[in-house]
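It should be emphasised that the depicted structure is a prediction, and the values quoted were computed from it without experimental measurement.
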Amino acid sequence: QVQLVESGGGSVQAGGSLRLSCAASGFAYSTYSMAWFRQAPGKEREGVAVIDSNGRTRYADSVKGRFTISQDNAKNTLYLYLQMSSLKPEDTAMYYCAADYRSMTYLQAVGVMPNYWGQGTQVTVSS
């Protein structure tokens with residue numbers, strides 16, 4: 001059973017930093033791709049950063065140079081991180097961790113959402 005549990009959200013002033021974490025378990029994560037998505041009120045869920053099983057990373061243009069996705073494999077759990085710096089009010093959203101056995105790059109190209117999701121963690125950036 002795939003489980004994704006996010007943490008690390010909170011409130012921060014513009015220009016500040018936050019680090020989101022996602023504890024992932026219940027699947028052969030060495031063959032899975034992982035990603036961070038976000039959804040602001042009244043807007044569609046959008047991909048923020050992805051890391052495929054081959055280690056390749058991609059970022060949304062809006063966060064390039066400010067956000068960094070990384071992962072750390074422990075014994076039975078994969079930890080996915082999103083280091084966010086130079087935060088802007090427009091970064092305010094619910095942030096979700098996602099996983100899929102298919103390439104996130106492929107899923108984004110064909111417009112398909114990943115299979116597995118966490119419950120989300122709120123990030124609020126004030127001006």
Side-chain angles (χ1 to χ4, degrees):
Q1 180 180 353
V2 177
Q3 283 193 319
L4 305 173
V5 181
E6 301 97 332
S7 60
S11 297
V12 64
Q13 288 192 325
S17 300
L18 280 174
R19 188 195 197 202
L20 305 184
S21 300
C22 172
S25 60
F27 60 97
Y29 48 75
S30 63
T31 62
Y32 271 57
S33 293
M34 306 292 296
W36 288 98
F37 283 73
R38 66 185 180 187
Q39 187 167 19
K43 294 188 177 181
E44 292 187 353
R45 192 169 296 190
E46 63 174 355
V48 174
V50 306
I51 182 166
D52 280 327
S53 58
N54 59 10
R56 180 176 296 180
T57 59
R58 291 185 63 192
Y59 298 89
D61 288 342
S62 59
V63 306
K64 279 181 182 177
R66 300 188 298 119
F67 290 11
T68 302
I69 188 171
S70 62
Q71 65 182 45
D72 184 19
N73 298 343
K75 184 177 180 180
N76 295 310
T77 302
L78 178 148
Y79 294 95
L80 183 71
Y81 303 105
L82 186 67
Q83 179 66 48
M84 305 184 295
S85 303
S86 301
L87 283 162
K88 304 175 181 180
E90 50 263 44
D91 295 318
T92 294
M94 185 72 79
Y95 283 72
Y96 298 91
C97 173
D100 201 291
Y101 65 91
R102 299 165 292 184
S103 161
M104 289 293 180
T105 301
Y106 164 76
L107 293 176
Q108 287 186 330
V110 298
V112 173
M113 285 293 187
N115 277 333
Y116 303 106
W117 295 87
Q119 82 288 350
T121 185
Q122 178 68 36
V123 172
T124 302
V125 184
S126 58
S127 57

Legend entry - Nearest heavy-atom neighbours spanning G120 and Y96: CA-CD2, 3.6 Å
Legend entry - Nearest atoms (heavy-atom pairs only) where G9 meets T121: N-OG1, 3.1 Å
Legend entry - Side-chain (E6) to main-chain (C97) donor-acceptor, under 3.5 angstrom: yes
Legend entry - W117 reachable from M94 in the ILVMFWY side-chain graph, under 4.5 Å edges: yes
Legend entry - Flag if over 12 foreign heavy atoms under 6.0 Å of CD, Q13: no
Legend entry - Side-chain touch T31/Y101, heavy atoms, less than 4.5 angstrom: no
Inset, instruction - Quick one: pull up OG in S25 and CG in L4 and give me the separation to the nearest 0.5 Å. - result: 7.5 Å
Inset, instruction - Check whether any side-chain N or O of N54 sits under 3.5 Å from a backbone N or O of R56 as a donor-acceptor pair, and report yes or no. - result: yes
Legend entry - Shortest non-hydrogen separation from P114 to A99 and the atoms involved: CB-O, 3.7 Å
Legend entry - Sidechain-backbone polar pair: D72 side chain, Y79 backbone, donor-acceptor under 3.5 Å: no
Legend entry - Transitive ILVMFWY side-chain link V63 to L82, under 4.5 Å: yes
Legend entry - Point-to-point distance, once rounded to the nearest 0.5 Å, from CD of Q122 to CZ of R38: 11.5 Å
Legend entry - Heavy-atom closest pair, residues A60 and G47: CB-O, 3.5 Å
Inset, instruction - Flag yes if Y116 and I69 sit in one hydrophobic cluster, no otherwise; membership is Ile, Leu, Val, Met, Phe, Trp, Tyr, and two members link when side-chain heavy atoms are under 4.5 Å apart. - result: yes
Inset, instruction - Indicate the atoms forming the closest heavy-atom contact of F37 with A35, along with that distance. - result: CE1-CB, 3.7 Å
Inset, instruction - Look up atom OH in Y81 and atom CE in M34, then write down how far apart they are to the nearest 0.5 Å. - result: 11.5 Å
Inset, instruction - Would you confirm whether D52, through its side chain, and M104, through its main-chain N or O, come within 3.5 Å as a donor-acceptor pair? - result: yes
Inset, instruction - From the options V12, T92, T124, select the one residue that forms a side chain to side chain contact (heavy atoms under 4.5 Å, CB included) with L87. - result: V12
Legend entry - Between SG on residue C22 and CD on residue Q3, distance to nearest 0.5 Å: 11.0 Å
Legend entry - Member of L20, D91, V48, V125 meeting the side chain to side chain contact (heavy atoms under 4.5 Å, CB included) criterion with M84: L20
Legend entry - Atom pair CG (L78) and CD1 (I51), whose distance is rounded to the nearest 0.5 Å: 8.5 Å
Legend entry - S33 and Y106, any side-chain heavy atoms less than 4.5 Å apart: no
Inset, instruction - State plainly whether one hydrophobic cluster holds both V112 and V50, where clusters connect Ile, Leu, Val, Met, Phe, Trp and Tyr through side-chain heavy atoms under 4.5 angstrom apart. - result: yes
Inset, instruction - Output the distance between atom CZ (F67) and atom OG (S86), rounded to the nearest 0.5 Å. - result: 9.0 Å
Inset, instruction - Fit a plane to each ring of F27 and Y32, take the angle between them on a 0 to 90° scale, and name the class: parallel (under 30°), tilted (30 to 60°) or perpendicular (over 60°). - result: tilted
